[in-house]
Amino acid sequence: MRLRLEIGLARLAGRLSRLAARGGGTTLPGKLLVAVDPGALATLAERLQHGAALVSATNGKTTTAAMTAEILGRRVRLAHNRAGANLVSGVASALLDADGAELGLFEVDEAAFPEVARRVRPRVVTLGNLFRDQLDRYGELELVAERWRHALASLPADTVAVVNADDPLVAGLARGRGAALRFGLDDPSVARERLPHAADSKYCVSCGTPYEYEAAYVGHLGAYRCPRGDDERPPLDVAARSISLEGLERSSFDLVTPQGTRRVTVGLPGLYNVYNAVAAAALSLTLGATLDEVAEGLARFRAAFGRFERIAVGDRTVLMLLVKNPAGANEAIRTLVDGGPPALALVALNDEIADGRDVSWIWDVDFEPLAASLERLVVSGSRAQELALRFKYGGLELDRLDVVPDLEAGLDRALKLAPPGSTVPVLPTYTAMLALRRVVADRGLVRPYWEREERFDELVGRAR
Amino acid sequence: MKVVVGHLYPDYLNIYADRGNMAVLAARAAWRGIELEVRGIGLGDRLVPGEHDLLYIGGGQDREQALIAPDFAGRATALEEALLGGAAALAVCGGYQLFGRYYRDRGGVELPGAGFFDLHTVAGERRMIGDVLLSCSLEPGVERTLAGFENHAGRTILGPSAEPLGRVVAGFGNDGESGYEGCRRGRALGTYLHGPLLPRNPWLADWLLAQALAHSTGGEPPELEPLPDDLEAAAHEVSAERAHERGGRFD
Ligand SMILES: [Zn+2]
């Protein structure tokens, strides 16, 4: 009874928050609920008939969870924090928003993972990768991995760990665990020649010797081996082979699983999205999906918001690529340049807490391949000046550089420079991405992210 | 004119955008027609005193720092000979700690340093994270500011013979209490400021280049041709603003 009252009040707060146009109202109900009753999250999660699955990673958790939702959404009713509110309060809000849900599917912030896992008691956890990210907020990689290790150890032995075998630190977490599924890439023809500058876990987790790579795919992810023989990439249970990267449109690959092999196409470019697709496939199979459902779901999938999202703005198109850490930015840039080096781009850097207040990471991003083809670059955001320096010292001529700190003005400058019919790549940090989407939404061109949730709410309501 | 930079452990210590500091040194040298060569010095490589005009060491995660610390401590004599011979140095973050006598972690285990700076570092309870602004006087009567970002759990305590790099205007500094940041011994500087340091504080990049040239030519540090630094000044201003808004100090 008490819980029902609390739920009612928390939902009401969400509606009021949206009415007052204070933003998405996506976490306020959950915050309230968790504040009045910290045990409520566990109680709500217990009601999920098929249990819950958590997805965490430095990069790709939103996309991986969204792909999984696409695969499973026709089979079961989901509670899914699709707007990316991935702290305890966001998970609670998603549960509040979707009662009657049968399966919980939650992307979870790396630092919040232990607490969410403790409260939700998931059936499956998917751990994608660990890259250096916002050291001012998360701390060092080893520290995050250690917290994950403890969280995993405190879950029942039958909780399945779906882990990226290509990341030494993450693969190590499932070492010796019976209920584990290991995924990765297996196609040296798409590997990088060498590790990028910002590669992280490149020293053996056991002895500290640099790994030898048979293939490095994304950052330090790949087929690694300690020359002393005490660690190597474990055998893959679910793998992508014969990968074909088809420009900015899609990629396809042979999805090799214990249930068989299937050629799969995903409507997202880039090797890092192949990782996301393989992770989503491994997770979905663990949750009971068939190989057909996996292939069809991935084929239907369209970009999660801000992640290779295309938005029409008049007769131009904005291609929004969220960037938030060196590894993610390197892959976004590589994919963009491989799809045809752009002559114009907008890069936007904010330094709010959600972006990381320490902006030093932009110096570890390989922007040079992007800068090489640019005739014009607009830098924007509250730290636009710092970006300007990054490109100045990266070799971009100053007459190609426009410094426009105001985001709306920056977007307009870029759109004005773009020929009609063309696509403008926009690379914003998290809060810059939200702000730019809001600008476009105010002009009536894209639904704000919480409207999708409302719509989702409606659909679930109708299904009941 | 030529400057040779020795970059210590570039594969291990590069976490806080150390590449940015190197890019700034290289570009500002090139724009003035000065040749600048960077030579990496990795685990087990020799450090030959006199070979480098400027030594650079950056920051790493605890694990990487522990992997190279014994190797670096073993070079104490060569490092001292190189620096007393007039080479310049910039040591940032973890590298700054390793330029001191030792780093003591929370378990009481001491990681040895090279001991060129009279200081030691003790792991603290809280990390000191945030924007920071310093006031420095590297030349008598010339007061300048440095803007950067710090992120360290270590509290660095200067010994009696150590001279700080600067006074904290906003932020934490060496230990969050003394009001001092960094260390200076002759042409060698150590600091917690990354951000990275040199792009938005180009005067410091030029000071280091001039000191390195002095070592290379055997003369006095030359007056370097000024460069248009409008963008650098704008970035410095924003960074200094952040330090004023957000920088804190333990009380
Ligand atoms: Zn090993």
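Order of the sequence lines sets the chain letters (A, B, ...), proteins ahead of strands, with each chain counted from 1.
Looking at heavy atoms from C-beta onward, B/Glu232 lies in side-chain contact with A/Lys392 at the 4.5 angstrom threshold. Put simply, the side chain of B/Arg242 reaches to within 4.5 Å of the side chain of A/Asp351, judged on heavy atoms. Put simply, the side chain of B/Val238 does not reach to within 4.5 Å of the side chain of A/Glu386, judged on heavy atoms. With a 4.5 Å cut-off on side-chain heavy atoms, B/Leu231 and A/Leu398 count as touching. Under the 4.5 Å side-chain criterion, counting only non-hydrogen atoms from C-beta, B/Pro199 is not in contact with A/Arg390.
Annotation: the span from B/Leu197 atom CG to A/Ser360 atom OG amounts to 11.5 Å, rounded to 0.5 Å. Rounding to the nearest 0.5 Å places CG of A/Leu389 at 9.0 Å from CG of B/Asp229. The CG atom of A/Leu143 sits 8.5 Å away from atom CG of B/Asp62, with the distance rounded to the nearest 0.5 Å.
With a threshold of 4.5 angstrom between heavy atoms, B/Asn21 does not approach chain A through any atom at all. Contacts between A/Pro405 and chain B at a heavy-atom distance below 4.5 Å are absent for every atom of the residue. Heavy-atom distances place the side chain of B/Glu64, and not its backbone, under 4.5 Å from chain A.
Relative orientation of the B/Trp31 and A/Tyr393 rings is tilted, given thresholds of 30° and 60° on the angle between their planes.
Surrounding OH of A/Tyr203 are more than 12 heavy atoms belonging to other residues, nucleotides or ligands, all under 6.0 Å away. Heavy atoms from other residues, nucleotides or ligands lying under 6.0 Å from CD of A/Glu214 number 12 at most. Counting non-hydrogen atoms of neighbouring residues, nucleotides and ligands closer than 6.0 angstrom, the CZ atom of B/Arg39 exceeds 12 such neighbours.
Judged by distance alone, the side chain of B/Gln61 and the main-chain N or O of A/Leu141 form a donor-acceptor pair under 3.5 Å.
Between A/Asp366 and B/Arg19, at least one side-chain nitrogen of the basic residue sits less than 4.0 Å from a carboxylate oxygen of the acidic one, meeting the salt-bridge criterion.
Looking only at heavy-atom pairs under 4.5 Å with chain A, the residue among B/Glu237, B/Arg200, B/Arg63, B/Arg28 that has the most is B/Arg63.
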